[in-house]
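Notes follow the structure.
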Amino acid sequence: MTGGTRGAKSGTTTRAKAAAAARGAGGRPLVVTDPHALRAALDELRRKGRSIAFVPTMGALHEGHLELVRHARAVAGVVVVSIFVNPTQFGPHEDLARYPRDLDGDVRLLATVPADFVLFPPVESVYPPGHATTVHVAGLGDGLCGPHRPGHFDGVATVVAKLFSMVGPCTAVFGRKDFQQLQVIRRMAADLDLPVRVVGRPTVREPDGLAMSSRNRYLSPGDRLRATALVEGLRAAAAAFGSGERDPAAIEQTIRERLAGRVDRIDYVFVGDPGTLQPWPGAVPPGRTAVAAIAAFVGTTRLIDNVELGAETI
Ligand code: AMP
């Protein structure tokens with residue numbers, strides 16, 4: 001581990017004092033590179049009765065991530081954030097090499113929440129030579145992003161299972177922005193009986209509605225303007241649903257009309273069952289919500305966004 005400890009401010013609760021004591025100098029989170037050292041420290045805190053909340057990320061943090069960390073802070077005494085750009089969830093022609101990395105900036109941001117621990121493991125400690133186990137969640141990963149990013153959800157499920165094991169029993173906080181990922185992880189945690197409560201939190205957006213994403217920094221000013229087509233499509237879908245439209249094909253067409261001429265390529269527009277991520281054979285069943293989800297390229301940047309129609313405002 002790196003970093004020292006910091007005394008707690010007077011007047012804070014015992015829980016907050018214990019968390020603050022775990023933090024590094026100046027209130028910065030303690031950066032831990034060794035997963036076993038983290039697990040030992042967290043086991044010790046759990047023995048003392050502390051609850052743990054965990055936010056897995058790939059870094060290049062923005063306000064969307066910080067909202068998850070704030071929620072983690074609100075529900076548990078000790079907050080752990082992982083920063084790991086997981087190579088196994090990137091395809092051979094994807095942006096692994098250029099994915100933004102800024103540990104110092106991330107740690108500075110996390111000190112403002114604050115988080116207590118940052119798990120920043122080297123790739124070889126997550127995937128030591130000889131590693132041979134992959135977690136595959138059948139069904140939920142097959143549609144939407146699945147066909148466009150072969151192997152992606154296996155990479156996600158595998159690394160998240162490993163991160164859950166490194167952290168141990170906890171509440172894990174994810175963003176609904178990656179809605180399919182959230183459903184895959186919920187299923188994986190339930191199926192593997194992992195001692196983790198998975199929580200999904202609302203998508204944090206820029207003032208013009210664009211969903212925050214580490215990848216938004218790839219966008220040129222012109223692309224940034226065009227990128228709002230996604231949220232405009234979802235808003236049109238929400239308006240149609242609100243007016244009683246229940247034909248998924250009609251809602252998808254409404255979205256496509258908003259994307260036309262503004263994005264460079266559409267991977268998918270999907271309206272279907274938020275639980276199974278399958279389309280319905282006909283109309284949205286009475287009383288049910290529907291997820292509307294988009295993946296599209298603006299320039300060379302692949303953006304995703306979604307809204308749960310009938311459950312979320314956008
Ligand atoms: P990433 O670093 O992109 O892998 O994302 C880490 C976590 O942050 C995931 O649970 C994401 O769903 C979540 N996240 C990313 N962007 C947002 C956002 N705009 N609002 C809420 N959560 C987000």
Side-chain angles (χ1 to χ4, degrees), residues 91 94 137-153 156 174-187 200 202-206 208-213 215-216 219 223 225-314:
E94 293 185 354
V137 180
L140 284 169
D142 293 347
L144 288 85
C145 287
H148 301 279
R149 304 190 70 187
H152 171 70
F153 289 112
V156 168
F174 291 85
R176 291 173 63 94
K177 165 163 184 288
D178 299 270
F179 190 78
Q180 186 175 19
Q181 168 177 282
L182 173 64
Q183 300 302 54
V184 166
I185 288 164
R186 281 190 200 285
R187 184 81 258 156
T203 300
V204 178
R205 297 177 179 281
E206 300 286 356
D208 64 2
L210 178 70
M212 289 190 182
S213 165
R215 290 187 167 100
N216 289 352
L219 296 167
D223 288 352
L225 285 174
R226 292 192 294 135
T228 55
L230 278 78
V231 66
E232 286 162 20
L234 296 176
R235 284 183 174 145
F241 195 87
S243 321
E245 180 62 76
R246 291 294 182 274
D247 175 6
I251 299 172
E252 287 176 18
Q253 184 53 30
T254 298
I255 295 172
R256 284 181 185 277
E257 282 163 14
R258 294 304 194 288
L259 298 179
R262 306 222 21 225
V263 305
D264 293 297
R265 192 177 100 205
I266 297 174
D267 268 358
Y268 61 80
V269 172
F270 172 82
V271 174
D273 187 330
T276 62
L277 300 182
Q278 295 296 313
W280 286 291
V284 180
R288 297 283 294 275
T289 64
V291 66
I294 303 171
F297 280 85
V298 176
T300 56
T301 306
R302 186 177 188 274
L303 299 174
I304 59 172
D305 202 353
N306 73 86
V307 63
E308 189 172 349
L309 304 171
E312 272 182 298
T313 52
I314 183 168

Open item on the list: If we ignore hydrogens and angles and just use 3.5 Å, is the side chain of Gln278 paired with the main-chain N or O of Asp273 as donor and acceptor?
Closed with: no
Open item on the list: Is there a side-chain contact between Pro248 and Phe270 in this structure, where contact means two heavy atoms from C-beta onward sitting under 4.5 Å apart?
Closed with: no
- [ ] Identify the two heavy atoms, one from Ala236 and one from Thr254, that lie closest to each other, and give their separation to 0.1 Å.
- [x] CB-CG2, 3.6 Å
Task: Closest non-hydrogen atom pair between Glu245 and Asp247, with its separation - done: OE2-N, 3.0 Å
TODO: Side-chain contact test, heavy atoms from C-beta onward, threshold under 4.5 Å: evaluate it for Val231 versus Glu206 and give yes or no.
DONE: no
Task: Shortest non-hydrogen contact from Phe179 toward Pro274 - done: CE2-O, 3.4 Å
Task: From CD1 (Ile294) to CZ (Arg258), nearest 0.5 Å - done: 11.0 Å
Open item on the list: Can you give me the closest heavy-atom contact between Ile255 and Ala292, atom names plus distance?
Closed with: CD1-CB, 4.1 Å
Open item on the list: Less than 3.5 Å apart, any donor N or O on the side chain of Gln253 or Arg256 sitting next to an acceptor on the other?
Closed with: no
Open item on the list: I need the Leu219 CG to Leu303 CG distance, nearest 0.5 Å.
Closed with: 5.5 Å
Task: Minimum heavy-atom distance Ala211-Asn216, with the two atoms named - done: O-ND2, 3.0 Å
Task: Pairwise distance CG(Leu234) to CD1(Ile314) - rounded to 0.5 angstrom - done: 4.5 Å
Task: Check: Ile251 and Phe241 side chains under 4.5 Å, non-hydrogen atoms - done: yes
Task: Side-chain donor or acceptor of Gln180 paired with backbone N/O of Gly143 under 3.5 Å - done: yes
- [ ] May I have all residue pairs that pass side chain to side chain donor-acceptor pair (under 3.5 Å) and include part of residues 291-303, sequence neighbours excluded?
- [x] Asp267-Arg302
Open item on the list: Quick one, Gln183 with Val137, criterion side chain to side chain contact (heavy atoms under 4.5 Å, CB included). Give me CA distance, side-chain angles, the key distance, then yes/no.
Closed with: CA-CA 10 Å; Gln183 300 302 54; Val137 180; over 6 Å; no
- [ ] Sort and list the pairs that fulfil side chain to side chain donor-acceptor pair (under 3.5 Å) and have at least one residue in residues 304-313, not counting sequence neighbours.
- [x] Arg176-Glu308, Arg205-Asp305, Thr289-Glu308
Open item on the list: When you compare the side chain of Leu230 with that of Leu210, does any pair of heavy atoms fall below 4.5 Å?
Closed with: no
- [ ] Give, for atom CG of Leu144 and atom OH of Tyr268, the distance between the pair rounded to the nearest 0.5 Å.
- [x] 4.5 Å
Open item on the list: Tell me if a side-chain donor or acceptor on Arg262 pairs with a main-chain N or O of Leu225 at a distance below 3.5 Å.
Closed with: yes
- [ ] With rounding to the nearest 0.5 Å, note down the distance linking CG in Asp178 to CZ in Phe153.
- [x] 8.0 Å
Open item on the list: If you compare all heavy atoms of Lys177 against all heavy atoms of Ile304, which two are closest, and at what distance to 0.1 Å?
Closed with: CE-O, 3.6 Å
